[in-house]
Colleague: 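Questions regarding the structure given below will be posed in turn.
For the numbers below, each heavy atom of this structure counts, side chains included, while hydrogens, waters and symmetry mates do not. Sequence lines set the chain letters: A, B, ... in the order given, protein chains first and strands last, and positions in each chain run from 1.
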Amino acid sequence: MDFNDTKEEATFREQAKSWLAENAPAYQGDHTDDFLAAAKAWQKAKYDAGWACLSWPKEWGGRDATPAEAKIFADEETEYDLPVGPFLIGQGMAAPTMMAYASEEQKARFLPKLASGEEVWCQLFSEPAGGSDLAALRTRSVRDGDDWVINGQKIWTSGAHYSDFGILVTRSDPTVPKHMGLTYFFLDMRSPGLEVKPIKQISGQSNFNEVYFTDVRIPDSQRLGAEGDGWRVALTTLMNERAAIGGASGEMNFQTAFNLASETDLDGQPAIVDRGVRSQLADWYCKEKGLEFTGARSQTALSRGEVPGPENSIGKLVAAKKTQDIASFCIELLGMTGVALDHEQLSAYAEAYLGAPGSRIAGGSDEIMLNIIAERVLGLPQDIRVDKGVPFNEVPMGAK
Amino acid sequence: MDFNDTKEEATFREQAKSWLAENAPAYQGDHTDDFLAAAKAWQKAKYDAGWACLSWPKEWGGRDATPAEAKIFADEETEYDLPVGPFLIGQGMAAPTMMAYASEEQKARFLPKLASGEEVWCQLFSEPAGGSDLAALRTRSVRDGDDWVINGQKIWTSGAHYSDFGILVTRSDPTVPKHMGLTYFFLDMRSPGLEVKPIKQISGQSNFNEVYFTDVRIPDSQRLGAEGDGWRVALTTLMNERAAIGGASGEMNFQTAFNLASETDLDGQPAIVDRGVRSQLADWYCKEKGLEFTGARSQTALSRGEVPGPENSIGKLVAAKKTQDIASFCIELLGMTGVALDHEQLSAYAEAYLGAPGSRIAGGSDEIMLNIIAERVLGLPQDIRVDKGVPFNEVPMGAK
Amino acid sequence: MNFEFSAEQNLLREQAVGFLSDRAPLSVARRILDGDETYASEVWQEIINLGWTATAVPESHGGFGFGHLELCVVAEELGRSLAPVPFSSSVYLATEAIASAANDVRDDWLPKLACGEVIGCVALYEVSGAPDPDRMNDCTVSDGVLNGGKRWVTDGAIADMSVVTARDADTGNLCLYVVDLSAEGVQRSTIDTIDPTRNHADLQFDNVSAMPLASEIGDSTGLRRLLDRSAVLFAFEQLGGAEAALNMAREYALGRYAFGRPIAGYQAIKHKLAKMYVAVQLARSNCYYGAWALATDAPELPVAAATARVSASQAYRECSEENIQIHGGMGFTWEFDCHLYYRRAKLLSVNLGGEYDWKHRLISCIEADQAA
Amino acid sequence: MNFEFSAEQNLLREQAVGFLSDRAPLSVARRILDGDETYASEVWQEIINLGWTATAVPESHGGFGFGHLELCVVAEELGRSLAPVPFSSSVYLATEAIASAANDVRDDWLPKLACGEVIGCVALYEVSGAPDPDRMNDCTVSDGVLNGGKRWVTDGAIADMSVVTARDADTGNLCLYVVDLSAEGVQRSTIDTIDPTRNHADLQFDNVSAMPLASEIGDSTGLRRLLDRSAVLFAFEQLGGAEAALNMAREYALGRYAFGRPIAGYQAIKHKLAKMYVAVQLARSNCYYGAWALATDAPELPVAAATARVSASQAYRECSEENIQIHGGMGFTWEFDCHLYYRRAKLLSVNLGGEYDWKHRLISCIEADQAA
């Protein structure tokens with residue numbers, strides 16, 4: 001029971017650390033001006049030096065590293081504030097799917113450019129009417145000669161506006177049960193008939209898009225898996241989702257609340273003196289440490305060549321609610337200062353409070369996380385599915 | 001918006017108050033020696049003076065009072081510590097069922113003795129395998145000439161050991177769906193073949209019994225409703241349940257915690273000085289007042305001739321958990337004193353902590369209360385019933 | 001027992017519901033959110049025409065002479081509609097303060113507030129935290145002249161007059177003063193908050209004429225009473241908002257299908273909605289307690305106000321957060337209305353001091369009662 | 001990264017699981033609950049034979065010289081089994097205290113504790129509340145003679161020796177002393193608690209000979225260190241109990257049918273179990289942190305111990321309460337085993353100071369760290 005690397009891991013970490021120390025700072029910090037260009041430059045630098053997509057085969061731009069090594073590099077990389085977001089989906093979800101289902105030619109054509117950051121990919125799965133019922137998608141694909149013609153709408157597509165390619169699940173046959181009529185493709189995001197619209201969130205930010213398809217044509221050669229077998233392909237993609245998304249970020253954490261409570265007056269004393277405040281802070285500290293050390297246990301499993309299980313779902317569940325609660329606590333402590341403009345923008349606490357609902361929902365709501373834990377970890381029965389075996393076009397859909 | 005009675009109600013309350021002031025004290029206080037005898041004496045006193053079962057017709061021992069008047073008397077009655085428990089089920093649940101389904105002769109025979117307290121009744125519905133699925137009962141009734149023969153087991157029967165009669169739901173036909181094969185009876189609790197065993201609870205008390213039936217015979221004349229129509233009769237009984245049970249008692253309430261926090265040292269000061277403690281206390285105060293005034297709103301509905309709805313389920317839900325939390329809080333505040341013997345018995349807080357789980361479950365668990373509110377108040381869909389329309393003897397039952 | 005609103009009061013409610021759903025649906029709040037207006041002036045004008053601003057003002061001063069129960073009804077419905085108007089500032093706060101002022105001040109201002117000729121507000125804050133009299137030291141009045149600054153004044157950029165807490169330069173007592181905001185020396189700068197549907201401004205006073213509300217009320221007694229009374233009305237706004245968020249969540253859950261059935265049929269959602277309902281019911285019952293105490297000026301007012309306020313803040317927080325959660329992905333989009341309640345809930349929760357402060361105060365009031 | 005128990009430690013765990021499920025199933029705890037025995041002496045004897053009491057004692061003093069990680073493994077499994085034996089008192093507390101004592105005391109007592117020849121305990125409490133050094137003033141030692149009383153001593157009626165906190169009559173310092181409980185002048189009276197499966201007694205000392213553990217440790221330093229170290233081990237017992245309660249609930253929910261299907265399939269139950277699982281996982285991870293700090297005697301020990309303790313107390317409370325709730329009517333019967341966890345959870349939660357105290361302490365430790 002220690003926090004130390006094995007000898008091999010320590011060597012690897014040293015190499016990673018030293019390469020990062022030399023190269024990362026140049027790409028660090030404020031990259032809002034041209035975030036994508038900065039991200040591509042950093043990815044290219046990693047690729048050129050052999051630090052991109054570590055666990056991938058060498059022939060596609062990786063270095064055949066172990067999952068533990070990949071995690072070590074990722075951890076060290078987060079010590080710097082680097083622009084890595086645009087590649088998470090392409091490298092984390094599209095690439096494993098391409099590896100499993102694309103032709104050798106396609107792999108040779110696309111994977112190295114995913115690794116080098118030259119091309120950015122997005123994922124076109126969710127639809128407005130679907131929500132947590134992912135397979136209830138309606139975007140239609142109809143075969144037309146050597147092409148497929150796509151009509152419909154996707155939603156929650158991160159990075160659609162700057163992506164070069166996308167992975168897409170469609171319904172090719174609505175007359176069979178839900179999971180059986182799906183077909184999976186990848187496509188050029190500049191295809192005619194494809195329109196991207198940003199979604200404005202509560203927080204005012206737009207991290208997601210809606211994508212509209214009007215007679216978009218995809219060559220059949222870009223089908224992944226057999227016609228009607230799209231759900232199986234999608235599961236390959238989704239199995240990699242949790243790993244790619246990671247925990248909710250911790251902009252509002254214990255330390256935020258601790259610092260604020262130390263600086264803010266409550267009844268003539270610093271709020272931190274108050275035992276009720278302390279109790280609340282201690283709760284968050286224990287949650288945060290609990291997640292941190294759960295992470296250490298996962299890393300240990302990787303080190304031992306084991307696969308960490310869906311128990312990692314607790315990270316998102318606990319962290320997102322904690323962020324909301326900490327933001328709310330800080331606002332209440334500050335009173336009106338907490339909800340008002342501060343140096344031309346809303347207080348960081350108000351911003352976090354507005355952003356938190358998104359964190360509690362995007363990538364799977366609290367309730368979905370609980371279902372995952374209940375079913376996949378504890379082995380409890382699935383919810384009853386009234387749509388089981390029912391042809392998709394006969395399943396009740398409601399109005400919304 | 002006031003707490004005042006209407007003129008008629010005020011007059012009635014005055015009469016009730018003055019009669020109670022004159023008569024109640026004689027039956028008040030420690031009645032542990034022969035609880036049942038004390039209860040019967042008090043009921044008889046009320047009956048003789050015309051204060052028993054106020055809302056019943058006069059011919060059966062009541063006085064045709066309005067529901068609001070009945071509630072006023074009940075409220076005034078609780079100002080004294082009187083032994084009323086043994087009659088709640090008989091008068092509150094058995095009697096309305098008898099009024100609806102028994103013959104005129106039977107009503108004349110049984111109702112006045114229910115009102116006078118001469119005879120005590122119990123309710124034989126729940127079974128070990130049933131739980132919240134009340135209709136899944138298995139106790140069999142088989143027609144044999146003019147009699148029915150009963151075999152099986154009931155559970156959670158309050159007062160079975162001192163009751164004279166009982167109301168009973170049985171399964172007369174297991175080959176039809178759950179709700180369709182039930183038949184309802186009343187029976188003499190001294191019938192041969194009937195055995196009562198007390199259930200010991202966590203708290204060490206025994207408020208409930210198991211009742212075993214071995215070839216118990218009931219005359220067909222004591223059937224209530226048609227053969228196979230028992231569920232409809234049972235619903236009549238159950239509709240009166242919430243009213244009869246009322247909220248969980250508040251032995252551990254805000255004042256308990258407030259007093260203890262005022263007397264107990266925390267870090268060199270009374271705990272009440274601590275804002276975290278205050279915040280906790282305030283929560284309970286708001287819950288308690290919220291329930292109290294929700295009661296006032298129900299009483300208003302009665303005064304206006306309206307029927308208070310199932311929103312009263314919130315009383316049990318909120319109060320039972322609050323009791324558990326207050327007991328737990330008090331224990332934690334006291335440390336070892338809270339869990340140890342104090343004057344030859346466990347601290348009142350430890351006793352309450354041991355009793356609380358029963359309150360959170362008996363009469364419908366927290367989860368059932370939430371379902372009731374969701375379905376009956378908010379009109380949300382029922383849970384999916386996989387046993388719907390399935391013959392009872394083909395429904396999966398599990399091992400427990 | 002008559003612990004409900006009367007038939008007449010419920011008639012007023014029906015009228016309010018009809019008017020607000022017609023003239024102040026959520027699209028009006030959204031117009032203010034997305035646009036440059038500081039408030040919905042046409043809705044405000046109609047509210048004046050309906051006489052709501054005069055509800056609890058005595059007939060002697062141009063009001064309707066209804067009691068405060070009627071005002072509670074209006075407050076609940078305004079809270080439900082999220083109407084972006086300066087009602088709370090002008091009516092719960094300024095009018096309440098002026099109504100208890102000395103004769104001359106009252107006779108001067110009350111009719112104008114009642115008939116809507118002027119919009120009032122109350123300026124309390126100088127520093128962060130709850131509105132604590134001990135931490136109001138910047139504004140002082142000397143020889144009837146006010147100097148100093150106030151922050152985060154709700155409707156500060158809209159109002160024509162403001163009640164201001166300030167120190168009497170001679171005695172050091174914290175008193176309530178009334179100030180004409182059109183006077184020279186008043187500077188206002190609009191600030192944005194988490195809820196852009198309500199106007200807020202910082203105010204600066206440089207040698208501005210200020211009238212004491214009542215010379216005999218020293219220290220914080222007058223302020224405390226004002227906060228308690230307005231807290232009941234704010235609690236009703238919170239109650240209305242909480243119930244609206246619950247209803248919105250319920251509607252959505254009934255209409256939204258997943259796996260072939262409405263999500264309202266899944267226990268996770270059912271029980272969440274049931275818990276929201278419980279929170280709303282407890283808040284409603286406690287708000288009625290507050291209303292009774294407010295209307296009868298009962299000695300229980302401080303306890304009742306704190307009880308109502310704590311319950312209503314809790315209910316609104318829970319309902320506004322869970323409403324988003326039940327909406328799933330749609331819930332955190334700008335396009336859906338969920339965030340309007342989420343924003344308003346947080347604003348209303350902190351604007352008279354947060355839940356933790358009111359809980360502290362509640363126990364203090366109970367301690368005082370039980371010691372007496 | 002190697003933040004898990006080692007293969008050897010897991011082997012020890014397997015042995016412990018095997019032994020305890022065979023020799024100390026819940027029926028043993030129930031025997032003590034319902035009967036007159038103070039503890040399961042036959043289980044205790046076998047535990048001694050297995051050498052568990054010698055786990056972390058150095059070989060020089062008759063122990064196995066394993067580290068404290070092995071002791072954590074044993075603690076978790078004992079917590080899971082609810083074995084009614086004086087292990088925590090004798091090993092986590094008395095042995096830990098003696099192990100850090102001055103040479104003569106250590107050499108005298110440690111081998112006896114290690115080989116199980118004597119059972120030890122620690123006597124801390126004089127008044128209600130957390131074990132606060134400032135509130136231990138009744139017991140004093142003058143010229144090596146102890147007078148005073150201690151209350152609620154776990155295993156006080158079973159133990160052969162006790163470590164006692166008492167004031168040095170000369171300096172007023174609170175020090176740790178060791179007392180032979182068979183000595184004349186020791187009076188013990190067994191008391192009952194919420195968890196009758198564990199023995200408790202009040203102790204009275206009238207002129208009893210007492211040896212200081214270490215003359216140089218004055219005030220509460222020694223006590224504090226002892227509490228921190230034992231808190232980690234208690235946290236592991238709580239973790240084991242919490243997980244056992246979770247597993248019991250899960251099993252029951254899978255086998256119990258309502259409306260034709262297992263109640264484990266209803267979201268209200270599913271999500272409850274998932275939340276219990278989350279609490280247990282967070283507690284487990286934090287317990288490992290505590291174990292690491294304990295085993296390496298890291299400067300993080302105070303923070304790590306408090307973190308483990310708070311998390312484990314929370315997890316055990318939640319799991320033991322919800323286990324009953326999931327069992328429904330059966331859950332609150334004496335006959336079902338749910339209450340065994342419910343009782344033990346509450347006992348363990350308060351016996352070194354409750355959750356609220358440990359949270360306070362956690363923040364104090366963090367403040368000290370961040371100030372340094």
Colleague: Between Glu375(A), Arg278(A), Gln280(A), Gln299(A), which shows the greatest number of heavy-atom pairs under 4.5 Å with chain D?
Modeller: Arg278(A)
Colleague: Could you have a look at Lys272(D), Gln370(D), Lys275(D) and say which one has the most heavy-atom pairs with chain A under 4.5 angstrom?
Modeller: Gln370(D)
Colleague: With a 4.5 angstrom heavy-atom cut-off, which part of Ala295(D) approaches chain A: side chain, backbone, both or neither?
Modeller: neither
Colleague: With a 4.5 Å cut-off on heavy-atom pairs, point out which of Leu282(D), Ile366(D), Ile363(D), Val303(D) contacts chain A the most.
Modeller: Ile363(D)
Colleague: Please classify the contact of Leu362(D) with chain A as side chain, backbone, both or neither, using a heavy-atom distance under 4.5 Å.
Modeller: side chain
Colleague: Report yes or no: do Glu367(A) and Asn371(A) form a side-chain donor-acceptor pair below 3.5 Å?
Modeller: no
Colleague: In terms of heavy-atom pairs under 4.5 Å with chain A, which of Gln267(D), Gln9(D), His271(D) leads?
Modeller: His271(D)
Colleague: Under a 4.5 Å heavy-atom cut-off, does chain D meet the side chain of Asn4(A), its backbone, both or neither?
Modeller: backbone
Colleague: Pairing donors with acceptors under 3.5 angstrom, does anything connect the side chains of Tyr92(D) and Glu237(D)?
Modeller: yes
Colleague: Please classify the contact between Leu317(A) and chain D as side chain, backbone, both or neither, with a heavy-atom cut-off of under 4.5 Å.
Modeller: side chain
Colleague: Out of Ile384(A), Leu302(A), Ile72(A), Val318(A), which one racks up the most heavy-atom pairs below 4.5 Å with chain D?
Modeller: Ile384(A)
Colleague: Is Lys289(A) reaching over with its side chain to a backbone N or O of Ser285(D), donor-acceptor style, under 3.5 angstrom?
Modeller: no
Colleague: Side chain, backbone, both or neither: which part of Arg13(A) has a heavy atom under 4.5 Å from chain D?
Modeller: neither
Colleague: Could you look at Glu288(A) and say if it's the side chain, the backbone, both or neither that has a heavy atom under 4.5 Å from chain D?
Modeller: neither
Colleague: With a 4.5 Å cut-off on side-chain heavy atoms, are Leu71(D) and Glu96(D) touching?
Modeller: yes
Colleague: Heavy-atom pairs under 4.5 Å with chain D: which of Ala296(A), Ala10(A), Ser262(A), Ala301(A) has the most?
Modeller: Ala296(A)
Colleague: So which of Ser303(A), Ala374(A), Ser279(A), Gly295(A) has the biggest tally of heavy-atom pairs under 4.5 Å with chain D?
Modeller: Ser279(A)
Colleague: So, Arg304(A) versus Asn2(D): side-chain donor-acceptor pair below 3.5 Å or not?
Modeller: yes
Colleague: Select one option (side chain, backbone, both, neither) describing which atoms of Thr6(A) are under 4.5 Å from chain D's heavy atoms.
Modeller: backbone
Colleague: Please determine, by modelled atom types, if Gln238(D) and Ser313(D) share a side-chain donor-acceptor pair under 3.5 angstrom.
Modeller: yes
Colleague: Is atom CZ of Arg385(A) surrounded by more than 12 heavy atoms (other residues, nucleotides or ligands) closer than 6.0 Å?
Modeller: yes
Colleague: When heavy-atom pairs shorter than 4.5 Å are enumerated against chain A, which of Gln314(D), Glu355(D), Arg261(D), Lys359(D) gives the highest number?
Modeller: Lys359(D)
Colleague: Kindly say whether the aromatic ring centers of Phe73(A) and Phe12(A) come within a distance under 6.0 Å.
Modeller: no
Colleague: Rounded to the nearest 0.5 Å, what separation is found between the CG atom of Leu227(D) and the CH2 atom of Trp358(D)?
Modeller: 6.0 Å
Colleague: Out of Phe5(D), Tyr266(D), Tyr289(D), return the one with the most heavy atom pairs under 4.5 angstrom to chain A.
Modeller: Tyr289(D)
Colleague: With only heavy atoms counted, which part of Glu9(A) is less than 4.5 Å from chain D, the side chain, the backbone, both or neither?
Modeller: side chain
Colleague: Examine whether an atom of Thr296(D) lies under 4.5 Å from a heavy atom of chain A, and if so say whether it belongs to the side chain, the backbone or both; otherwise answer neither.
Modeller: neither
Colleague: Would you say the side chains of Thr256(A) and Asn253(A) form a donor-acceptor pair under 3.5 Å?
Modeller: yes
Colleague: With Arg284(D) as the cation and Phe293(A) as the aromatic partner, state whether NZ or CZ is under 6.0 Å from the six-membered ring centre and within 45° of the axis.
Modeller: no
Colleague: Quick check: does any side chain N or O of Lys270(D) sit under 3.5 Å from a backbone N or O of Pro381(A), one acting as donor and the other as acceptor?
Modeller: yes
Colleague: Under 4.5 Å from any heavy atom of chain D, what part of Gln382(A) do you find: side chain, backbone, both or neither?
Modeller: backbone
